[in-house]
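Note that the structure is predicted; figures quoted are calculated from it, not measured. Counting from 1, the numbers follow the sequence of the chain as shown.
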Amino acid sequence: MQQETVYMARAIQLARLGRYTTDPNPCVGCVLVKDNQIIAEGWHEKAGFAHAEIRALQQIPSAQGATAYVTLEPCSHFGKTPPCCDAFIAAGIARVVVAMQDPNPLVAGAGLKKLQDAGIQVELGLMQRDAEQLNRGFIKRMRTGLPFVRSKLAMSLDGRTAMASGESQWITCPEARADVQRLRAGSSAILTGINTVLSDDPSLNARVDFPVTQPIRVVLDSQLKIPVNAKMVTLPGRSLILTGSNDQLKINALQQAGFEVHSLPIHDDRLDLLAVLTFLGQQQVNEILVEAGSTLNGALLAKNLLDEGIIYMAPAILGDGGRGLFTLPALQMMRDKKTIQWRDVRRVGADLRLTVTFKESA
């Protein structure tokens, strides 16, 4: 079993190589072993490209009698590529060890059954938790229809995100800001509110020195206040405006500028956040990175729609006039408090990076 764990750990390591490019597909790694030797490896690089299993099989002239270690159940259906199960069967694979079942309820277990029906020995569950961690967003979307929602926040030691004037650049150190770019690169979409766009005119792209599928840029703009010349629309990739407005002149102008405009339900003059996440799930968004102010972050937290927070804390004090992390006016009594769970604390340059989950949504 110890050697088997080594092989699966290698498959998981390979899967991580696709972390920034496979979206909306999951990250998958595959290792082929025969006579206690790794004879081939593969990982899924990009949607529409060969799956991990196929890439591994392509490395060798024959896989007859080999054992395959795969991080995710091999597919049994035709998509952009043929079923990996069929390839394993045709190649004469004798045994398949799978970390986790396909989370899609429509096909879960079908690949394993197809392999078993062909006489291949199948084992499930080796390093399952590690494999699930690889694809939290894909798994959540398959099971619930909603993306995994992570909020990035930067604050001072006294919990302030900006001065009372709104000035916020820069609270965090250069190393923390570079770390944020990697967070962006690993996200399917970056979500912000119209106030952030009007005040900062952000790019909302991943500025990194490695290959990346750029995240979709999503702006919540219930009244279509965004200017048609906002910086983000000039950049490669999709820029979405989600609105409750039916002002067709503004919609046409934004569409001509390059924005995609989608109308969603409004409640109390604000977009229905559950409807927003449901829509983004339908757009095959696996992971959302929220980069917004206290109003949107507070609204998401109030509705228990945040899965994780990445909080960069700088060794600085901005004073009691500074702006806070979350606007939560409904919290009046201690019993109303929002509980978090610590997941990780580490130093990034001069700052601390705190990873937390929110108890109600964990």
Side-chain angles (χ1 to χ4, degrees), residues 11-31 41-59 68 70-88 98-108 110-111 131-150 181-191 204-218 235-240 260 262 277-289:
I12 289 172
Q13 183 181 37
L14 290 166
R16 290 195 183 103
L17 296 176
R19 178 73 182 90
Y20 302 107
T21 56
T22 61
D23 208 74
N25 287 359
C27 301
V28 183
C30 176
V31 170
E41 300 178 334
W43 69 92
H44 184 43
E45 181 181 347
K46 194 172 184 179
F49 285 32
H51 288 187
E53 300 92 325
I54 305 302
R55 288 193 63 179
L57 290 172
Q58 290 171 343
Q59 306 305 311
V70 192
T71 59
L72 181 67
E73 175 182 352
C75 61
S76 59
H77 58 284
F78 280 89
K80 292 183 179 179
T81 58
C84 294
C85 283
D86 292 354
F88 272 175
V98 179
M100 65 167 288
Q101 195 175 70
D102 193 318
N104 186 344
L106 298 178
V107 299
E132 289 175 342
Q133 189 71 13
L134 269 175
N135 294 300
R136 292 182 298 174
F138 179 77
I139 293 169
K140 185 182 177 187
R141 180 169 67 85
M142 287 293 106
R143 291 176 177 169
T144 70
L146 302 177
F148 185 90
V149 183
R150 175 188 295 111
Q181 297 302 323
R182 289 186 288 272
L183 274 181
R184 289 181 173 186
S187 302
S188 312
I190 301 175
L191 175 69
L204 299 185
N205 62 343
R207 297 184 288 277
V208 292
D209 58 359
F210 49 80
V212 61
T213 299
Q214 284 291 340
I216 300 169
R217 299 174 288 271
V218 183
L235 302 172
R238 299 171 67 191
S239 295
L240 275 60
E260 297 179 34
H262 300 272
L277 297 184
T278 300
F279 170 79
L280 292 175
Q282 293 167 350
Q283 296 289 305
Q284 295 188 300
V285 169
N286 293 327
E287 295 190 17
I288 293 173
L289 181 65

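Of all heavy-atom pairs between Phe138 and Pro103, the closest is CE2-CG, 3.7 Å. Nearest approach of Arg184 to Asn205, heavy atoms of both residues: NH1-O, 2.8 Å. Nearest heavy-atom pair across Cys30 and Val70 is SG-CG2, 4.0 Å. In terms of heavy-atom proximity, Ala15 sits nearest to Gly29 at CB-N, 3.4 Å. Here the closest heavy-atom approach between residue Leu72 and residue Asp102 is recorded as CD1-CA, 4.0 Å. Closest approach of Phe148 to Gly137, counting heavy atoms only: CB-CA, 3.6 Å.
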Inset, instruction - Test side chain to side chain contact (heavy atoms under 4.5 Å, CB included) on Phe279 and Val218 and set out the steps. - result: CA-CA 11 Å; Phe279 170 79; Val218 183; over 6 Å; no
Inset, instruction - Decide yes or no on side chain to side chain contact (heavy atoms under 4.5 Å, CB included) for Thr22 and Val28, but give the supporting numbers first. - result: CA-CA 9 Å; Thr22 61; Val28 183; over 6 Å; no
Inset, instruction - Show the numbers, then the answer: is there a side chain to side chain contact (heavy atoms under 4.5 Å, CB included) between Leu235 and Arg217? - result: CA-CA 10 Å; Leu235 302 172; Arg217 299 174 288 271; 4.1 Å; yes
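Atoms CG and CG, on Asn286 and Leu280 in that order, are 11.5 Å from each other to the nearest 0.5 Å. Interatomic distance, CZ of Phe88 versus CG of Leu57, reported as 5.5 Å (0.5 Å rounding). Note: Arg141 CZ to Asn104 CG = 9.0 Å, rounded to the nearest 0.5 Å. Separating the OG1 atom in Thr213 from the OH atom in Tyr20 is a distance of 12.5 Å, to the nearest 0.5 Å. Residue Thr21 holds its OG1 atom at 9.5 Å from CH2 of Trp43, rounded to the nearest 0.5 Å. Summarising the geometry, atom CZ belonging to Arg207 is positioned 4.5 Å from atom CD belonging to Gln181; distances are rounded to the nearest 0.5 Å.
One N or O on the side chain of Gln214 and one on the backbone of Ala206 form a donor-acceptor pair closer than 3.5 Å. Here the side chain of Arg150 pairs no donor or acceptor atom with the backbone of Leu183 at under 3.5 angstrom. With hydrogens and angles ignored, the 3.5 Å screen pairs a side-chain donor or acceptor of Arg19 with a backbone N or O of Gly186. With hydrogens and angles ignored, the 3.5 Å screen pairs a side-chain donor or acceptor of Gln59 with a backbone N or O of Arg55. Panel note: side chain Thr71, backbone Ile12; no donor-acceptor pair is recorded below 3.5 Å. A side-chain donor-acceptor contact under 3.5 Å links Glu73 to the backbone of Ala110.
Side chains of Leu277 and Pro147 form a contact here, defined as non-hydrogen atoms less than 4.5 Å apart.
Each of Gln284, Gln283, Glu287 was checked for a side-chain contact (heavy atoms from CB on, under 4.5 Å) with Pro24, and the lone residue meeting it is Gln284. Partner of Pro215 under the side-chain contact (heavy atoms from CB on, under 4.5 Å) criterion, chosen from Leu289, Ile190, Asp23: Ile190.
Between His51 and His44, the ring-plane angle classifies as perpendicular under the 30° and 60° cut-offs.
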